[in-house]
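First up is the structure itself, then whatever we jot down about it.
Nothing here was measured: the structure is a model prediction, and the numbers come from that model.
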Amino acid sequence: MTVPAADPSELDGELLYNHDDGFEGGFCWQFAGSAPPYYGCFGEAFDLGPGMVEAGAFWLTQIGYFAGGSMDCYIWQGGVTKDPSAVLCVLPGIVPESIPFWPSCERSDVEIDCWVDGEFTIGWWADNSDQACQWYACADYNGSGGDPWTCIAPGIGYPTGWEDPSIVWGTTNSMGIGVWWSEGCLVHPDGSGDYPTIQAALDAVADETYITLARGTYQGEGNRDVDFRGKSVTVRSRSGNPENTIIDCEGSAADPHRGFLFHAGEDSSSVLRGIQIVNGHAPGPDRRGGGIRCAQSSPAIIGCLLAGNSAAYGGGLSCFMSSPRIDHCTIIHNHAEHGAAIDCELASPVIRNCTLSGNQAGLGMGAAGGIECWDYSTPEIYGTIIAFSVEGQAMQCWSSSTAELSCCDLYGNEGGDWVGPIGDQLFVRQNRMLDPCFCDMALGDYHLWNYSPCHQEGCGIIGAWPVGCWETQEIAEEREGRAARGSHGGLSVSVTPNPLTRGTTISWSAPAGGAIATAVIIHDAAGRRVRTLRPVVATASRTGSAIWDGRLTDGSPAASGAYWYRVMADEREPAAGRVLVVR
C-alpha cells in the first residue's frame, strides 16, 4: 500500500534521531544479501523508557532505479545493550514517496503507533533480491554516534545476522532512521500498570503524554465518566483495535454513566483512539452524549467504536459548541430521541470515513437515526456510511443548520436516506444510495465485500472499515449473471407489470437452501419506507409473491416516479430492485 508521509503537525510526539543532520553515504542490500524478512534490513536502536513510537522517520535516497517497490517497517525488541530480537510491531507493504536523488536525503514519516517498554530498534527491510537497489538508507559516518544495525544474510562473506554496518561499509555512527516519540504510561483493566484507572492516569500525567490501555474490559469508577480536564493527552488502546479494549459504562436510567467527557476547551491535541465504548447512558438533566460528550471542546476521536449507548440527544456522541474531528469511527446500535448516532448543536464537527449503522431514533417527526443538527450547526461529512437506521431518517437539520456531504453512502434508513435538507445532495460530489455490502452485519463485521460500491475508484474506501471478505471469480461471474437475468442474492425475481399504473406483483423463487422471504418493503426514491407488504409464500416450491396496489401506508396513491422494493428474509435483504409508477 502507498502510505503518504505523515503530517508532522498531526503527530503529538517529539522527533528523535542520532545522526547529525548530514549524510555521507547510502546503504543497500540486494541479490544474495537480501532475503525476507530480516536479511538486508537496516535499523537504529533507542533506549527511551516506556512510551509510544507514534511514527518512524526514514531518510532515503536513490540513484535512478527506484520503481515503486515496497518495504516493511519493523520495531524489534532490544538493540542498545543486546542484539535486536522479537518483533514488537510491523507495518508491511509501504511504498515510499518523493525519494530524492543522491547526494540529497529526504525524510518520510510513517505512522506506526507501537508501545515499547524499553530499548528497541526501528528499521525497514526492502526486497531488492532480483533487481538493482530501489533506494538507499542514508548513513551518517562522522556524527556523535548512535546504535546502527543491519542484518546480514548467510553465505555472502560476512558474519551472519545482526551486525554493525561498519563491518561492511566502514565507520558508521548512525543510520538515517528516527522516531516520533511520546513518553507514556500503561493502564490495565485490573488496576495494575502505572496507574489504577484511566482517570488516575489522566490526572497525573503531563501534556503531550500517551496513556495506553491494555487489552480487556474497563469498568467502574475512574474507568467511566472519564474527564480529560483540558489536557493535551492521547488515550489509546495498545492494539489500536477497538474490539479488544472496551469501556463498559454499565449505565442505566437509574444509574447513568457515559464513557468520556470533553468540556474544558480541549482541541485536536486531546485524542481518543482505538477504544470501544458500550452501555453508556447519558447523565445530567439534558441527557446529551451517551458514549461521548463534547461541550465547547474539539478533540480528535479516531478509530473508536460506540455501541449500545443511549441518550436524549446523541446516543453515541453529542457535540455542543464544538468542532471535534471524528475519524474512522464505527457508531452502531445506539438509541436517542434525536440523533441516535451523533447530535450537533451550534457545532461544526468534521466527520470522515465513519460507519453509522443500526441506530434508533426514539421520536418520529423527522428525527435522525444517524446525524441530527440544531441551531446553525454546519458539519462537514466525507466518505461516511449512514445505513439501516432502525427508526429515523439518515440525517436531519433544524434551525438554520446545514451539512455538506461528499463521497457518502446513505442507504436503508427507516425514515429515508436522502430526505429533508440534504435531499438535493444525492449524486452530487459522488454521494450515493446503494447497499454498502457489509461482510456480516448480523455478527458485527462491518468490513466490506470486495464488490461493495463503497470500495470504488474516485472516493476510495467509504466507511470506517476496508475490504475484509472476497468472493471467488466464479462466484462473481455467477452473481453478475444472476443480476443480468433478474436474479438477486439467490432469488429469481420478476415484477409485472413494471411500470405500473394500478398495481404490480413482485414474485420470486428461491433455490434449495436459499432464503424464504418474510416481507417486501417499498421505499420511495429518497429511501423512505412507504409500505410493507406481507407475501404469500409456498414453502414446498420455495416461491412467493406480494401484490403492491400502488398505495402508501396511509392508503393514498403513490405519486408518479421511481420506487424501490426490498425482499427481506430473516432481517436480510436477498433481493432489491426498482419499480416505476406512472399516473
Side-chain angles (χ1 to χ4, degrees), residues 5-21 38 41-59 72-91 107-125 137-140 143-151 162 164-165 172-188 192-195 201-202 204-214 231-240 269 271 273-274:
D7 183 352
S9 66
E10 295 185 0
L11 298 174
D12 302 317
E14 177 184 4
L15 176 60
L16 301 176
Y17 50 85
N18 295 327
H19 61 76
D20 62 3
D21 286 312
Y38 307 131
C41 69
F42 296 97
E44 183 73 21
F46 299 86
D47 189 359
L48 304 172
M52 179 65 67
V53 178
E54 188 178 0
F58 304 107
W59 281 262
D72 299 338
C73 300
Y74 284 87
I75 295 180
W76 296 275
Q77 195 172 49
V80 176
T81 64
K82 54 188 176 183
D83 290 359
S85 55
V87 173
L88 299 177
C89 299
V90 60
L91 190 64
R107 190 188 85 226
S108 291
D109 299 326
V110 177
E111 189 170 346
I112 295 178
D113 282 342
C114 185
W115 173 268
V116 297
D117 291 309
E119 61 183 85
F120 65 93
T121 299
I122 181 170
W124 53 266
W125 173 87
C138 296
D140 177 16
S144 57
D147 291 284
W149 289 98
T150 189
C151 197
W162 290 104
D164 189 315
T172 304
N173 281 322
S174 62
M175 300 301 304
I177 299 174
V179 294
W180 287 89
W181 171 258
S182 288
E183 291 187 4
C185 61
L186 185 63
V187 178
H188 287 270
S192 62
D194 297 305
Y195 296 96
L202 264 166
V205 302
D207 282 345
E208 300 182 1
T209 300
Y210 268 85
I211 298 172
T212 298
L213 307 185
K231 285 192 171 181
S232 298
V233 169
T234 294
V235 176
R236 57 151 289 154
S237 61
R238 188 173 188 174
S239 67
S269 63
V271 181
R273 182 190 289 268

Kindly indicate, with the supporting measurements, whether the criterion side-chain contact (heavy atoms from CB on, under 4.5 Å) is fulfilled by Ile122 and Ile112. CA-CA 10 Å; Ile122 181 170; Ile112 295 178; 4.0 Å; yes
Side-chain (Arg238) to main-chain (Gly240) donor-acceptor, under 3.5 angstrom: no
For Gly79 and Asp147, the nearest pair of non-hydrogen atoms, with its separation, is O-CB, 4.0 Å
About how many Å separate CG of Leu88 and CZ of Phe120, when rounded to the nearest 0.5 Å? 9.5 Å
If you look at every heavy atom in Asp140 and Asp20, which pair is closest and at what distance? OD2-N, 3.1 Å
Could you tell me whether the side chain of Ser182 and the main chain of Thr209 form a donor-acceptor pair under 3.5 Å? no
Between Ser237 and Gly274, is there a donor-acceptor pair closer than 3.5 Å when you use the side chain of the first and the backbone of the second? yes
Are Cys41 and Cys151 close enough that their SG atoms are less than 2.5 Å apart? no
Ser269 side, atom OG; Asp207 side, atom CG - distance, nearest 0.5 Å: 7.0 Å
CH2 (Trp115) and CD1 (Ile75) are apart, to the nearest 0.5 Å, by 12.5 Å
Does Glu54 pair with Arg273 as a salt bridge, N-O distance under 4.0 Å? no
Geometric class of the Tyr74/Tyr38 ring pair [parallel <30°, tilted 30-60°, perpendicular >60°]: perpendicular
Any side-chain heavy-atom pair from Val233 and Glu208 closer than 4.5 angstrom? no
Between Val53 and Phe46, is the side-chain contact (heavy atoms from CB on, under 4.5 Å) condition met? List the steps. CA-CA 11 Å; Val53 178; Phe46 299 86; over 6 Å; no
So CG of Asp117 and CG of Leu48: to nearest 0.5 Å the spacing works out to 12.5 Å
Hey, is the main chain of Ser85 close enough, under 3.5 Å, to the side chain of Gln77 for a donor-acceptor pair? no
Hey, could you give me the CG/CZ distance between Leu213 and Arg236, rounded to the nearest 0.5 Å? 9.0 Å
Would a line drawn from the ring center of Trp149 to the ring center of Trp76 be shorter than 6.0 Å? no
Please evaluate residues Phe58 and Cys73 with respect to the criterion side-chain contact (heavy atoms from CB on, under 4.5 Å), reporting the C-alpha separation (whole Å), side-chain torsions for both, the decisive distance (0.1 Å), and the verdict. CA-CA 10 Å; Phe58 304 107; Cys73 300; 3.9 Å; yes
Do you know which two heavy atoms are closest between Tyr195 and Val187, and how far apart they sit? O-CG1, 3.7 Å
Using a 4.5 Å cut-off on heavy atoms from C-beta on, say whether the side chain of Pro50 contacts that of Leu186. no
Show the nearest heavy-atom pair for residues Trp181 and Gly49, with the distance to one decimal. CH2-O, 3.2 Å
Determine whether a donor-acceptor pair (N or O, by modelled atom type, separation under 3.5 Å) exists between the side chain of Thr121 and the backbone of Gly78. yes
Any idea which heavy atoms bring Asn173 and Gly143 closest together, and the distance? ND2-O, 2.8 Å
For the residue pair Met52 and Asp113, what are the closest heavy atoms and their distance? SD-C, 3.7 Å
Between Glu119 and Thr81 (side chain of the first, backbone of the second, donor and acceptor by atom type, cut-off under 3.5 Å), is there such a pair? yes
Side-chain contact test, heavy atoms from C-beta onward, threshold under 4.5 Å: evaluate it for Tyr210 versus Val271 and give yes or no. no
Report yes or no: does Glu44 contribute a side-chain atom to a donor-acceptor pair with the main-chain N or O of Ile177 at less than 3.5 Å? no
